[in-house]
Amino acid sequence: MVPEARGRVSRGCFCTRGVRGDREYPAHDHAGVSSRGRHFGVMHCCSCMVSGCVYLGTRNILGRFAMAIIRRKASSPRCPEEPQVRAGNSVRCLSAGGVWGSVIRRYFGRCRDLRRQILSTAGQSGRCRRCPVLLYCLVLALGLLTARPLQAAELEIHLSGVSGALQARLESALPPAPLPPSPAGLADARMEAALRLRQALETYGYYDAHWTEQVRRERSGYILTFAVQTGPPVVVRTVTLDASGPGSGLRAVRQQLAVFSLRRGDVLDQAVYEAWKRRILDTFRQQGYAGAGFRQHEIRINRKTHQADIVLAVASGIRYRFGKVTFEGAHSYPRPFLARYLDFKAGDWYSPAMLATTEQNLRDSDRFSEIVVVPDLEHAADGQLPVTVTLKARRPKRLKLGIGYSSDLGADVEFGYDDYNAFRRGRHLHIALAVAQRTTNVGVTYVWPVGDQLASRYVAQTSFQHLDLVPYSAEVFDAGFGRDWYVERGAMLGALLSYQKIIYSIGGQTGQARFTLPSLRYSVQHFADPLRPVEGYSWNLVAQGAMRPLLSDADFLQLRARGEWHHLLGPKWDIGLRGEAGTTWLSGPIGQLSPTMRFFAGGQGSLPGYAYLSQGPVLDGVLVGGLSLMVAGVDVERLIGHNWGVVMFYHAGNAFSSFAGTRVLQDVGIGVRWYSPFGPVRLDVAHPLVRPEVPYLRVVFSVGVSL
């Protein structure tokens with residue numbers, strides 16, 4: 001029932017005061033303030049309004065928090081011995097001596113005092129006093145935000161009477177469990193733990209096990225201890241295996257049948273049994289037998305003799321080929337464009353690995369937020385297995401921000417704009433501005449697909465670079481057009497025709513050059529995880545050149561090669577080799593070649609013991625760079641966990657124009673790696689062994705974040 005109210009206007013604030021029973025309270029008509037039907041106070045000025053809002057919000061939140069504690073205390077076995085408080089129409093138990101009990105009592109007492117002050121302030125006419133409770137309410141709200149949340153009680157499970165591998169397996173099946181807040185929560189949790197223990201023991205062959213239980217109370221919850229007597233295990237008596245169907249003669253299938261995991265006399269381990277079943281079905285499916293299954297799979301257990309007979313009969317079914325592919329969702333992308341991401345075509349033998357590669361191709365495109373690739377076995381006909389690809393497209397137009405730091409170039413920030421579906425044709429427009437302490441780069445790239453291969457595309461690009469490096473400074477304008485071809489999985493061939501104009505300064509002298517550069521590149525990458533390259537290899541070859549008749553200031557041909565190889569020596573050790581080489585055939589003196597096309601050594605990607613691009617041939621006391629480069633290195637990494645590693649490394653090499661008088665530089669060092677979600681973070685300390693420079697120890701650090 002809405003109480004009878006009388007109103008009054010004071011300085012633009014509309015407040016009313018109502019009466020309910022023998023209690024008087026202020027009503028209000030201010031928008032945005034709610035009490036869920038309870039009475040509350042409203043002030044005549046802004047500071048009082050803020051005080052009221054903070055009070056009401058704090059009261060509601062802390063009230064729920066307090067009632068949760070009260071309900072938790074109600075289920076305590078010590079409840080009858082403790083004082084009680086009334087919550088609504090029910091009586092709840094509350095610990096009088098506990099910390100939370102005193103907090104709740106102080107909270108309700110302070111809330112009453114605050115409310116009385118706010119109500120008295122609200123009833124004043126004219127300009128109200130400055131509300132003294134505003135600061136207190138703000139402090140109370142801040143304390144609520146910084147308070148540690150209450151943790152639910154847990155039931156922790158311990159085992160005795162078992163040891164070794166069996167104990168580890170049972171404990172993994174009995175993790176700590178949260179206790180329900182109801183009075184019967186502990187009993188329910190104990191019953192559930194006993195059922196899980198029974199199931200785990202039977203899984204590992206112990207069908208006659210029994211145990212006793214003991215519970216003790218701890219501050220964080222309860223500890224339930226099972227004293228287990230396993231009894232005699234069930235052992236395997238006979239094993240009958242059979243394979244039928246067209247795929248039964250596969251060599252891989254025969255090998256699986258020959259190495260069945262359980263033998264006569266072994267303890268019945270159903271986890272091992274199920275794992276073997278999955279392996280043999282995967283063997284069939286990898287060869288195209290998608291409908292392979294078991295005609296019979298039984299474990300016959302005699303609990304009196306504690307023996308088991310295993311009977312397994314698997315049928316391969318027919319071998320399937322890929323049929324029609326149906327795309328669902330992502331309607332803004334052309335279907336021929338989506339078909340480029342398929343790792344198979346209609347008529348190929350069915351392979352789950354090809355489905356997995358297709359899903360990874362779609363994921364790497366950065367165009368889709370949800371990807372599901374499944375074969376439709378129910379609608380297979382005439383040996384053709386249709387495939388359904390369900391996609392949910394991400395927003396094609398996106399702004400990106402990248403930040404990072406490297407000892408070579410300093411701090412850098414990159415702003416980018418991407419349109420992954422330009423003109424709704426699946427074309428990619430990329431605009432980037434990258435600003436670092438020593439470089440600035442503005443570039444635009446437009447890529448559009450051609451043909452039915454994933455990596456086959458046309459590329460148009462233009463960029464402007466400002467470089468302020470140790471040996472030289474330069475401004476480079478570049479524009480080009482090219483084509484990429486798919487060669488094989490992980491390999492790509494590209495051709496590019498570009499025009500460059502360079503204005504540079506080196507050794508106190510300035511100059512400019514222009515080149516029309518046709519180039520070819522071939523790249524291969526086979527890493528299991530590119531973000532953590534600890535197993536696999538990659539290499540890149542580039543050939544480019546220029547001729548004076550083709551709007552160039554020099555005649556030259558240049559080859560560059562860079563490669564990296566990593567191999568795991570064991571679960572914790574990785575060895576890596578890397579190298580970089582290049583050479584230039586030039587028809588005149590090196591001064592005809594802009595410094596951007598000469599070779600320099602030094603830096604994290606070359607010789608980390610020497611400053612970035614600080615090594616190479618010197619002419620008249622000026623570092624001018626060389627026509628060739630050769631650098632190689634080896635590193636050994638000790639893996640720590642999944643995301644960390646400690647590295648020891650050695651590098652040797654230099655840039656040069658002729659072998660005569662060339663000095664091979666060397667460095668050694670140690671470093672730390674963190675394999676973060678956005679790529680490796682590197683911290684190295686390197687020492688130059690030949691021609692050391694000050695400082696004798698060089699710290700090299702690089703990190704990047706791409707958002």
Side-chain angles (χ1 to χ4, degrees), residues 203-205 236-264 266-301 308-328 339 341-363 371-390 488-490 526 528-529 535:
T203 297
Y204 298 116
V236 177
R237 181 173 60 181
T238 62
V239 177
T240 304
L241 304 177
D242 180 60
S244 61
S248 60
L250 292 173
R251 180 180 178 183
V253 172
R254 291 301 177 188
Q255 290 176 345
Q256 290 288 345
L257 294 174
V259 294
F260 183 69
S261 304
L262 296 175
R263 301 289 184 181
R264 178 182 175 87
D266 291 345
V267 175
L268 177 63
D269 189 332
Q270 296 185 50
V272 173
Y273 166 84
E274 294 294 339
W276 184 90
K277 288 172 60 180
R278 289 192 297 270
R279 284 199 303 272
I280 195 166
L281 289 181
D282 288 342
T283 301
F284 278 115
R285 290 164 184 166
Q286 291 293 340
Q287 301 296 324
Y289 297 91
F294 287 96
R295 292 185 290 106
Q296 187 178 11
H297 51 105
E298 297 178 354
I299 301 177
R300 302 166 183 168
I301 298 175
D309 299 320
I310 297 175
V311 180
L312 287 171
V314 60
S316 68
I318 65 172
R319 190 179 186 187
Y320 286 97
R321 295 182 182 270
F322 283 110
K324 180 182 177 181
V325 180
T326 303
F327 290 95
E328 297 180 354
Y341 291 96
L342 300 177
D343 192 48
F344 58 88
K345 58 182 181 294
D348 290 345
W349 289 113
Y350 168 79
S351 170
M354 291 182 177
L355 295 179
T357 303
T358 298
E359 184 173 343
Q360 188 61 46
N361 290 341
L362 290 164
R363 200 172 307 281
I371 303 166
V372 179
V373 183
V374 293
D376 190 358
L377 194 60
E378 293 183 0
H379 295 89
D382 300 326
Q384 301 290 314
L385 185 60
V387 176
T388 302
V389 181
T390 305
E488 59 180 357
R489 187 174 302 172
H526 285 288
D529 184 359
E535 183 68 37

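Computed from a predicted model, the values in this text were never measured in an experiment. Computation of the quantities below employed the complete heavy-atom set of this structure, encompassing side-chain atoms and omitting hydrogens, waters and symmetry-equivalent molecules.
Nearest approach of Ala308 to Leu268, heavy atoms of both residues: CB-CD2, 4.1 Å. Residues His526 and Gly490 share a closest heavy-atom pair of CE1-CA, 4.2 Å. Nearest heavy atoms, Ala292 versus Phe284: CB-CB, 3.5 Å. The shortest heavy-atom contact between Gly247 and Ser316 is N-OG, 2.9 Å. Here the closest non-hydrogen pair linking Val253 and Ala243 is CG1-CB, 4.4 Å. Minimum heavy-atom separation, Pro246 to Gly317: CD-O, 3.2 Å.
For the atom pair NZ of Lys345 and CG of Leu342, the computed distance is 11.0 Å after rounding to the nearest 0.5 Å. Within the model, atoms CG of Leu250 and CD of Gln255 stand 10.5 Å from one another, a figure rounded to the nearest 0.5 Å. If you take OG1 on Thr388 and NE2 on His379, they are separated by 9.0 Å, rounding to the nearest 0.5 Å. To the nearest 0.5 angstrom, Gln256 atom CD is 9.0 Å from Asp282 atom CG. Once rounded to the nearest 0.5 Å, the distance linking CD1 of Ile371 with CZ of Arg363 reads 4.5 Å. If you take CG on Asp382 and CZ on Arg321, they are separated by 13.0 Å, rounding to the nearest 0.5 Å.
When side chains are defined from C-beta on, Arg285 counts as touching Leu281, because their heavy atoms get closer than 4.5 Å. Residues Thr326 and Val387 are not in side-chain contact: their nearest non-hydrogen atoms beyond the backbone lie 4.5 Å or more apart. Residues Ile310 and Thr240 have side chains not in contact (no heavy-atom distance under 4.5 Å, counting atoms from C-beta outward). Proximity of Gln287 to Tyr350: side-chain heavy atoms (C-beta onward) are nowhere separated by under 4.5 Å. Contact check for Arg263 versus Val236: no side-chain heavy atoms found under the 4.5 Å cut-off. Val389 has its side chain out of reach of Glu328: every pair of non-hydrogen atoms, C-beta onward, lies at least 4.5 Å apart. Using a 4.5 Å heavy-atom cutoff, the side chains of Lys324 and Gln384 are not in contact. At least one side-chain heavy atom of Tyr320 sits less than 4.5 Å from a side-chain heavy atom of Ile318.
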Determine whether Val325 and Phe327 satisfy the following criterion, side chain to side chain contact (heavy atoms under 4.5 Å, CB included), listing intermediate values before the conclusion.
CA-CA 7 Å; Val325 180; Phe327 290 95; 4.0 Å; yes
Does the pair Phe294 and Ile280 meet the rule for a side chain to side chain contact (heavy atoms under 4.5 Å, CB included), with working shown?
CA-CA 10 Å; Phe294 287 96; Ile280 195 166; 3.8 Å; yes
Step by step, work out the side chain to side chain contact (heavy atoms under 4.5 Å, CB included) result for Leu262 and Trp276.
CA-CA 9 Å; Leu262 296 175; Trp276 184 90; over 6 Å; no
Does the pair Leu385 and Asp376 meet the rule for a side chain to side chain contact (heavy atoms under 4.5 Å, CB included), with working shown?
CA-CA 6 Å; Leu385 185 60; Asp376 190 358; 5.6 Å; no
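Taking the ring pair (Phe, Tyr, Trp, His ring centres under 6.0 Å) definition, one finds that Tyr289 meets it with nothing, sequence neighbours left out.
Side-chain atoms of Asp242 do not come within 3.5 Å of backbone N or O of Ala313 as any donor-acceptor pair. No side-chain donor-acceptor contact under 3.5 Å links Arg300 to the backbone of Val311.
In this pair, Phe322 and Phe344 present their aromatic rings parallel. The plane angle is below 30°, not in the 30 to 60° band.
With salt bridges taken as basic N to acidic carboxylate O contacts below 4.0 Å, none links Glu274 and Arg278.
Checked by atom type, the side-chain pair Ser261/Arg279 shows a donor-acceptor distance below 3.5 Å.
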